[in-house]
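All residue numbers refer to positions in the sequence shown, counting from 1. Counting starts at 1 for both ligands and their atoms, following the listed order. Everything numeric in this text was worked out from a predicted model, so none of it was measured.
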Amino acid sequence: MSNAIDALLQENRSFPPSEEFRRNANASSDAVYNIPDREAFWASWAEQLDWKTKWSKVLEWEPPYAKWFVGGTLNASANCLDRHLATRGDKQAIIWEGEPGDVRTFTYRELHAEVSKFSSVLKSLGVQLGDRVAIYMPLVPEAIVAMLACARIGAAHSVVFGGFSSEALRDRIQDAEAKVLITSTAGYRRGNLVPLKKLADAAVADCPSIAHVIVVMRRAASDEMDDTLTMEPNRDCWYHELMRTASADCEPAWVDSEQVLYTLYTSGTTGKPKGIVHTTGGYLTECYATCKWVFDLKENDVYWCTADIGWVTGHSYVVYGPLAAGATVFVYEGAPDWPKQDRFWSLIEKHKITILYTAPTAIRAFMKWGHELPQGHDLSSLRLLGSVGEPINPEAWMWYHKWIGAERCPIVDTWWQTETGSILITPLPGVVATKPGSATRAFPGVDAKILDERGNEVKVGGGYLAITSPWPSMLRGIWHDPERYVSQYWSKWPGIYFTGDGAKRDADGYFWLLGRVDDVMNVAGHRIGTMEVESALVDHTSVAEAAVVGINHDIKGTAIAAFVIVKSSRLQEAKKDPAKFEKELKDHVTEKIGAIARPEKILVTADLPKTRSGKIMRRLLRDIAEGRALGDVTTLADPTVVASLKDKYEEES
Ligand code: 6R9
């Protein structure tokens, strides 16, 4: 039988942790991987949280349904706030900077008071245990307050990214049957104000379940009150007015470990969004554990995860994980290139960030903009870097390592999904020698394997990434769609979770993610993942970013088309002789991974179609390359990108 996916790229560079990092790390020896009893291991993490009632059973597993910490009761907001008051009351919980440069800070005590008050507000508006609350907000502190307040009273939040349209918001509110919507007058993005309240009004017009809309003022009242902003009597309320009289005394609801904490719709690079369901005890346990061991969180860290709370990364690693660990969390509202392309580096310098967790899409943009920008700032506060969201190409990894990490900071390339709730494959920075482009090993207690079509394990080589035992933060289902839960994740092999990602394992047992299985290209009988070809292109000194797709070919059946973004500093050179440049890139791929992966066609582009969370949408590139009408574009960040790319592609074909 042919391989599910072939492995082409060889990467031999390796970076062991420094002795100093290892010595001080929360996890500092390979012994942490020795887990004789998985349930006991997870229970030992759960014991570090505060429970009102202890569980009677760690795990109940009736595939594909898991219950963790059965019979236990706890509250997520109490674990993120109340339990820190005695020891960390005056410690900064959140340091927030808005895009225009306004700064606000909250100590744990202040955040606790704000969340308690807002919990009282929600209760007074009739929100009860088990109700759903939609949140459509810019990345402002009140968005985090809103999430924690829902958790405090046992309501499930459903955060909808503030960059989504009113239709997307409407569909998600309707699916969740949310009772209350929390929004803001506006949010900043690249100097512009996105009129969230107006977009919310359009959505709510078709949402009979919504009884109230709570509105946060993003700016001073005098700036907000123009004639176009209307407040619907009896339905709409101002956040600041409700808060003025709200009681700061709100006992957390002690909910069952399996109480729904939130639903969140996946970014959907391929199809219709799904409402992923997460519950409380297991989710919080694993978010907390991974924060301690993967991000090595210490009392004095200033930790910055650049994700928006509209994505799972924002849920697990801006809010629940780091706050449960009592960390100081830095939050930035706006775009990385506003007002200039060095905003991230100036924020790191100004706030003395020690841990930075961002996405390959951002790293590749920084590469394109040039290393001179970070070089102009003092980044010496940094001690650990992270990456999430897509495979990170080895050259992007090396760039991150050299120009941001000063060859000193370990990089944790963390693989996980909205569905997995928390990081499952990752280096532990004090233990594992990293290799550029590899997510390395499964987190202790996580059972990750490469399987072939029939479910046999591939020890070395390529195949499908599968998780073969339940884990505490796993999804508990798809909201209102139990059949899809089973067919999407549990039908390929009985009782085994199918991730939808292709991956390979090397001789050291390291995992290398190869891209979505749906994007695999079958070239002359070889099944080639997108990642390795793209990495071979990015390995060329002129290329900042690349996306490849399979296109129909008379002889090979399928050939490879590559879309590449050239580094700003190399653009002139590439444009001088396009045919020569194209050949150079093709030769580079041939040399790096073999003739089988040589692209048939190369198109230089300024942009790639991406989801709003920054993932390349190869499905749309296939539509372009094969001259089809574009499929569903609703999750696309910038629709103009595909239109101009389509024109350019057709012009050059
Ligand atoms: C957390 C998040 C999940 C998909 C996942 C995979 C890709 C995420 C990755 C990675 C390679 C990594 N992905 N992290 N691929 N290396 N470190 O991104 O969740 O938005 O649900 O996306 O993202 O393809 O299956 P989500």
With the side chain counted from C-beta on, respond yes when Trp471 and Glu286 share a heavy-atom pair under 4.5 Å apart, and no when they do not.
yes

As a check for students: among [options], identify the option with a heavy atom nearest to [atom].
| atom | options | answer |
| --- | --- | --- |
| atom 7 (C) of ligand 1 | Gly389, Gly386, Pro391 | Gly389 |
| atom 25 (O) of ligand 1 | Thr420, Thr266, Asp501, Ile276 | Asp501 |
| atom 3 (C) of ligand 1 | Tyr317, Trp415, Trp416 | Trp416 |

Looking at [X] and [Y], does any basic side-chain N land under 4.0 Å from a carboxylate oxygen?
| X | Y | result |
| --- | --- | --- |
| Asp301 | Arg383 | yes |
| Glu390 | Lys610 | no |
| Glu395 | Arg13 | yes |
| Glu453 | Lys492 | yes |

Heavy-atom contacts with [X] under 4.0 Å: which atoms of ligand 1 show up? List them by number with element.
| X | value |
| --- | --- |
| Val388 | 1 (C), 14 (N) |
| Thr313 | 1 (C) |
| Thr418 | 19 (O), 20 (O), 21 (O), 26 (P) |

Classify the contact between Arg516 and ligand 1 as side chain, backbone, both or neither, using a heavy-atom distance cut-off of under 4.0 Å.
side chain

I'd like to know whether ligand 1 has [X] as a neighbour, heavy-atom separation below 4.0 Å.
| X | result |
| --- | --- |
| Thr414 | yes |
| Ser613 | no |
| Lys615 | yes |

Between Trp397 and Phe15, ring centroids under 6.0 Å
yes

Verdict with supporting geometry, Tyr317 and Thr290, side-chain hydrogen bond (donor to acceptor under 3.5 Å, both in side chains):
CA-CA 9 Å; Tyr317 297 109; Thr290 47; 2.6 Å; yes

